[in-house]
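The structure presented is a predicted model; accordingly, all values stated were derived computationally and were not measured. Nothing fancy with the numbering, it's 1 onward along the sequence.
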Amino acid sequence: MKKLIGIVLCAVLLAALPAMARQADTAADIGMEEAQRIALEHAGILDPETAFVLKCEKDWEDGRTVYEVEFVVDAKEYDYDIDASTGEVVAFDGDAESYQPLEGEITITEALDIALDKAGLTRDQVQVTTSKLEQDNNRRIYELEFFHDYVEYEVEIDAATGTILDWDRD
């Protein structure tokens with residue numbers, strides 16, 4: 001019986017090791033703001049106000065905790081993995097994706113400003129979770145989701161006119 005209990009305890013401890021390693025890994029956490037600063041600096045972005053942060057969240061990759069930082073400057077998207085303990089740039093790329101407005105359309109940054117204006121909020125007050133340019137029935141639409149004080153906002157904005165097509169606050 002003691003042998004069986006010992007085997008079960010060993011199995012439980014082995015199963016808990018990855019979680020324990022993650023907890024130890026976060027002891028010296030640099031924080032989201034520092035991860036964003038490091039990514040912007042590495043990308044050569046001198047004015048952080050010109051960047052539109054799409055995502056900054058923790059993830060567990062290759063045996064360590066990293067911050068996944070995604071942002072757009074002009075029409076170029078940047079993706080970074082920043083080590084949460086050391087601030088080391090683990091991986092990065094920058095490429096033009098679907099954020100290129102057509103001539104006469106508003107940019108994704110302008111779409112966010114429209115949504116924030118309606119919500120009565122500023123960029124530093126929200127956490128943006130989704131921002132993308134979609135094609136829907138021959139109409140290009142910015143889909144935005146962001147949080148403020150546990151309230152989720154979902155907004156669709158016409159890229160050609162800047163008109164809010166759908167507004168939801170939960």
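The two residues V128 and V53 have their closest heavy-atom pair at CB-O, 3.8 Å. Minimum interatomic distance between P48 and L46 (heavy atoms only, all atoms of both residues): CD-O, 3.4 Å.
A distance-only check finds a donor-acceptor pair linking the side chain of Q125 to the backbone of T122 [under 3.5 Å]. Judged by distance alone, the side chain of T161 and the main-chain N or O of T163 form a donor-acceptor pair under 3.5 Å. The backbone N or O of A43 lies less than 3.5 Å from a partner atom in the side chain of Y80, making a donor-acceptor pair.
Counting heavy atoms of neighbouring residues, nucleotides and ligands inside a 6.0 Å radius, atom CG of D168 exceeds 12 of them. For CZ of R169, the number of neighbouring non-hydrogen atoms (other residues, nucleotides, ligands) closer than 6.0 Å is 12 at most.
Between the CG atom in D149 and the CD atom in Q127 there is a gap of 12.5 Å [rounded to 0.5 Å]. Here the CD1-CD distance, from I30 to Q36, works out to 10.0 Å after rounding to the nearest 0.5 Å. The CG atom of D117 sits 13.0 Å away from the CD atom of E110 when rounded to the nearest 0.5 Å. Atom CE of M32 sits about 7.5 Å away from atom CD of E57, to the nearest 0.5 Å. With values rounded to the nearest 0.5 angstrom, Y142 atom OH is found 11.5 Å from L112 atom CG.
Under the side-chain contact (heavy atoms from CB on, under 4.5 Å) test applied with K118, the options I164, V155, I157 reduce to a single match, I164.
For F92 and H42, the ring centers sit closer than 6.0 Å to each other.
The residues R37 and E41 are annotated as salt-bridged, a charged nitrogen and a carboxylate oxygen being separated by less than 4.0 angstrom. Under the 4.0 Å criterion applied to side-chain N and carboxylate O atoms, D113 and R123 are assigned as salt-bridge partners.
When hydrophobic clusters are built by joining Ile, Leu, Val, Met, Phe, Trp and Tyr residues whose side-chain heavy atoms come closer than 4.5 Å, directly or via intermediates, V151 is grouped together with V126. Note on V72 and I141: separate hydrophobic clusters, where clusters join Ile, Leu, Val, Met, Phe, Trp and Tyr whose side-chain heavy atoms are under 4.5 Å apart, directly or indirectly.
Taking the six-membered ring for Trp and thresholds of 30 and 60 degrees, F146 and Y153 have nearly parallel ring planes, at less than 30 degrees apart.
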